[in-house]
Amino acid sequence: MAKLNMVKALNLALLQEMERDEDVVVIGEDVGVDGGVFRVTEDLHRKFGGKRVIDSPLAESAIIGTSVGMALYGLKPVCEIQFSGFAFQCFHQIENHAARYRMRTQGRFHCQMVVRMPYGGGVRALEHHSESEEQFYAHIPGLKMVIPSGPRNARGLLVGALRDPDPVIFFEHKALYHAAKEDVPDEIEALPLGRADVVRHGRDLTIIAYGAMVRVAREAADTLASEDGAECEVIDLLTVSPLDRETIVASVQKTGRALVVHEAPKSFGPGAEIAASIVEGAFLSLEAPIRRVTAYDVPFVGFARERATVPDVGRVLAAARETLAY
Amino acid sequence: MAQKTETKKAGLPAVDTELARRLLGDMMLIRRFEEKAAEAYALGKIGGFLHLSIGEEAVAAGATSVLRRDDYAISTYREHGHCLAKGADPRRVMAELFGRRDGLSKGKGGSMHLFDKSVNFLGGHAIVGAHLPLAAGVGFAINYEGADQVCVCYFGDGAVPQGEFHEAMNLSALWKLPMIWICENNRYAMGTSLERALAQTEIWKFGEVYGIPSEPVDGMDVLAVRDVVGRAVERARTDKTPTLIEARTYRFRGHSMRDPAGAVYRTKEEVEREKLRDPIALFRDKAIKAGWLSEADVRAIEKDVNDRIDDAVAFADASPEPPVEWLLTDIYKED
């Protein structure tokens, strides 16, 4: 057991899986000699060499495209796209190829690969370095979309993703990389994909969040408990797609109220899918309209105004109070 | 350095009756297959699009003749010929075109997405240029595993202006991948001629800037293709040197069945002139003249090919449609 931040926890997952499975290779821009823009792949090049930790040229489409080819041959590539905002250069390789081979070949070929991307705002960065684009990947059949919220589940989910036989898009929130340290077990721990975690139990309102918004949701829930006497249940999705509808619906059947928090823009975002799932599964339990606290429907604004668009505790509290009072 | 003129011939065995039979048989099989596919398309048995390679058979047949069964080939949406030459069963290829359950991908891939694991044929790809990085990935994996296979990647002249062509050329040179890049230059990207799409129309010259051997070849001459690809395979297998080959060829039909004759963007005279370079007729005449094959041999090959394709069509006709439940299968691995 060691106290690790998310960067070190992700690094540990890669290290241990590479030791365990020689088919796992890491590829991306500056992941090798340099150790990665956020240091997630630090020391891997020294330990495993350039054959397994591959510094690619600045060519995102080639990173994903070659990884698909490697996966078709039988390797298990882990690609790093430096910022999720750079991924549009390779989006078509993810969508046209990685996501589709199993279906297109009726299971004769598949792509076991993980695409890691730092995402999210709140780190005083600009456009292309702050967006939350999980909705694009969550919408694509054949992909899984995973977003951890802390060091321990980041490590477990990355191991789970590496062992998953389908392509996984793995978002890492930049604001969480160094935000907290947690006890992370020394022995390998793999978390199953597709399963949400109820991180706070309550009876009055269900708050659904993932990534950096889990912390915001929990803080708001604590405030509502102390100031309003309301007990909120907080669900950390961990996997955005496939969505754990069962856990969400069971919670809302109990609380009758739901609030979704995410950093992606509102319209057609994950909140819409979650709300629809609640209506389908818990319609008769609902006591209030389902609310969403999200970024606004605008391209990401630069650091000077990012606090105004990334959801914060104040906005979650206001929306929760309206929902509770409805 | 690029090596346009390499006087050394590939260390390939001399042409004999057996090889001549194979080369002519493969080319005739591809042509007959596609003629029948065109008929089936007209009858509504094949949906979507259908891109015929009639006129271009020498590239697939010549290149594949120097490959091992476990070598990899990866291709475009005009890939029936590459897939058949690689050794896929014509019955299962036809069934795939028909969208039937006995097709190579159980009817879910279709004409543009043929895959056959048993002969390491890694697919047709519909997005122009997008499969070149995949091919480089296969080359990387071959090296990673310490194997001595090679990977042949076919693409058209239409892929050359795409960024991914250049990304893949760069990686193959940089990482020393066992690649044979074969550009089937048929001079038209759908309806846009080479001159209207590329500032550098001598496509093989792009190999120079990446420092890899590259050369043009007469893509209508199956023996010339065999020789140039044979040398490339030797380089790839022995010292992991990639090669860019520009095979100058011509499609006698249109881009797809939407323009069966391809008559809008090229003249009738041009098409008729090119048909005089028919790779099958050229090789047949050469084989007879050289004494590799007799007239009777050619007739026997033709009969065998016709029988096999008739059988393929009958097989595809008889194969059931995929059950509707398959709509929801193989999206993710099922437990």
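Within every chain, numbering begins at 1; the chains are lettered A, B, ... in the order of the sequence lines, protein sequences first and strands thereafter.
Without hydrogens or angle criteria, D330(B) side chain to T105(A) main chain gives no donor-acceptor distance under 3.5 Å. Not one N or O on the side chain of Q106(A) forms a donor-acceptor pair closer than 3.5 Å with the backbone of K106(B).
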Subject >> CA sep, side-chain torsions, deciding dist, call: Y72(B), L72(A), side-chain contact (heavy atoms from CB on, under 4.5 Å) >> reply: CA-CA 11 Å; Y72(B) 283 83; L72(A) 291 178; over 6 Å; no
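Environment of CZ in F49(B): sparse, with no more than 12 heavy atoms of neighbouring residues, nucleotides or ligands closer than 6.0 Å. The 12-atom threshold is exceeded at NZ of K117(B), counting heavy atoms of other residues, nucleotides or ligands nearer than 6.0 Å. The neighbour count for Q200(B) CD, taken as heavy atoms of other residues, nucleotides or ligands under 6.0 Å away, is above 12. Atom CD of E22(A) is surrounded by 12 or fewer heavy atoms from other residues, nucleotides or ligands within 6.0 Å. Within 6.0 Å of CD on E42(A) lie more than 12 heavy atoms contributed by other residues, nucleotides or ligands. In the displayed structure, F88(A) atom CZ is contacted under 6.0 Å by more than 12 heavy atoms of other residues, nucleotides or ligands. Heavy-atom contacts from other residues, nucleotides or ligands closer than 6.0 Å to CZ of R101(B) number more than 12.
Under the 30°/60° scheme for interplanar angles, the aromatic rings of H125(B) and H97(A) are found to stand perpendicular.
For a residue to count as touching a neighbouring chain, one of its non-hydrogen atoms must lie under 4.5 Å from one of that chain's; by this rule L58(A) does not touch chain B. Heavy atoms of E145(B) lying under 4.5 Å from chain A belong exclusively to its side chain. Heavy atoms of A130(B) lying under 4.5 Å from chain A belong to its backbone as well as its side chain. Residue I331(B) touches chain A through both its backbone and its side chain, counting heavy-atom pairs closer than 4.5 Å. For chain A, no part of N120(B) is nearby; none of its heavy atoms comes within less than 4.5 Å. Contact of Q149(B) with chain A is made through the side chain alone, with heavy-atom distances under 4.5 Å. For A168(B), no part lies near chain A; criterion is any non-hydrogen pair under 4.5 Å. Contacts between I63(A) and chain B at a heavy-atom distance below 4.5 Å are absent for every atom of the residue. Both the backbone and the side chain of I142(B) come within contact range of chain A, each with at least one heavy atom under 4.5 Å from a heavy atom of that chain. P165(A) touches chain B through its side chain: at least one heavy atom from C-beta onward sits under 4.5 Å away, while N, CA, C and O do not. If you measure heavy-atom distances from Y144(B) to chain A, the contacts under 4.5 Å come from both the backbone and the side chain. Only the side chain of I54(A) comes within less than 4.5 Å of a heavy atom in chain B; its backbone stays farther off. Residue contact with chain B, scored on non-hydrogen atoms closer than 4.5 Å, is absent for H110(A).
One finds the NE2 atom of H166(B) at 13.0 Å from the OG atom of S61(A) (value rounded to the nearest 0.5 Å). A distance of 6.0 Å separates CH2 of W175(B) from OG of S56(A), quoted to the nearest 0.5 Å. How far CG of L122(B) is from OH of Y101(A): 8.0 Å, rounded to the nearest 0.5 Å.
Highest contact tally toward chain B, considering only R102(A), M103(A), Q93(A), R108(A), is held by R102(A) [criterion: heavy-atom pairs under 4.5 Å]. Comparing V25(A), L143(A), D164(A), I27(A) by heavy-atom pairs within less than 4.5 Å of chain B, the highest count is held by L143(A). Among the candidates H92(A), K144(A), R100(A), the residue making the largest number of heavy-atom pairs closer than 4.5 Å to chain B is H92(A).
When every heavy atom of P133(B) is checked against every heavy atom of A62(A), the shortest pair comes out as CB-CA, 4.1 Å. The minimum heavy-atom distance linking A136(B) with T66(A) is given by the pair CB-CG2, 3.7 Å. Nearest heavy atoms, F109(A) versus F121(B): CZ-O, 4.4 Å. Closest non-hydrogen pair, N170(B) versus P57(A), comes out as ND2-CG, 3.8 Å.
You'll find the side chain of Y332(B) stays beyond 4.5 Å of the side chain of L193(A), heavy atoms only.
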